[in-house]
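In what follows, a single structure is set out as structure tokens and then discussed.
Numbering of residues begins at 1 and proceeds along the displayed sequence.
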Amino acid sequence: PDERMVSQTQNMMRGLPVTSGSLPSVRNAIKNDLAWMSKYVENMEITLAIPGPKRIDISIRFDFNGAPVTLNYTQNWEQIS
């Protein structure tokens with residue numbers, strides 16, 4: 001049977017205010033969402049910043065086959081609940 005993927009990160013960001021105090025919870029949600037990658041990558045690091053109102057910068061750095069990889073995202077963040 002097919003499994004439905006549910007993003008903890010997306011759900012977390014909908015429920016938390018856009019504050020630096022929320023970043024540890026968002027970071028943990030990202031780690032949980034990307035846990036499947038642990039079979040393939042090493043040294044994963046997640047860096048978060050709030051560059052402006054209702055925005056979050058997400059930087060994910062890891063080693064894949066010995067080569068460093070960095071993925072950068074800017075995401076809208078608006079508390080819904």
(message) Give me each pair satisfying side-chain hydrogen bond (donor to acceptor under 3.5 Å, both in side chains) with a member in residues 43-60, each pair once, sequence neighbours excluded.
(response) N43-D63, R55-N76, D57-T74, S59-N72
(message) On a heavy-atom basis, which atom in I30 and which in I58 lie closest, and how many Å separate them?
(response) CD1-CG2, 3.9 Å
(request) Apply side-chain contact (heavy atoms from CB on, under 4.5 Å) to the pair L34 and F62, showing each step before the final yes or no. (result) CA-CA 11 Å; L34 299 179; F62 54 86; over 6 Å; no
(message) By the side-chain hydrogen bond (donor to acceptor under 3.5 Å, both in side chains) test, which pairs, at least two apart or in different chains, include something from residues 20-32?
(response) Q8-N32, T19-S22
(message) To check you understand the geometry: which heavy-atom pair defines the closest contact between F64 and Y40, and what is its length?
(response) CD1-O, 3.4 Å
(request) Please examine the side chains of I60 and T70, heavy atoms only from C-beta on, and report whether any two atoms are closer than 4.5 Å. (result) no
(request) State, to 0.1 Å, how close G21 and P24 come at their nearest heavy-atom pair, and which atoms those are. (result) O-CD, 3.5 Å
(request) Show the numbers, then the answer: is there a side-chain contact (heavy atoms from CB on, under 4.5 Å) between M13 and I56? (result) CA-CA 10 Å; M13 289 173 57; I56 184 170; 3.6 Å; yes
(request) Using a 4.5 Å cut-off on heavy atoms from C-beta on, say whether the side chain of R61 contacts that of V69. (result) no
(request) Compare every heavy atom of L16 with every heavy atom of W77, then report the nearest pair and how far apart it is. (result) NE1-O, 3.3 Å
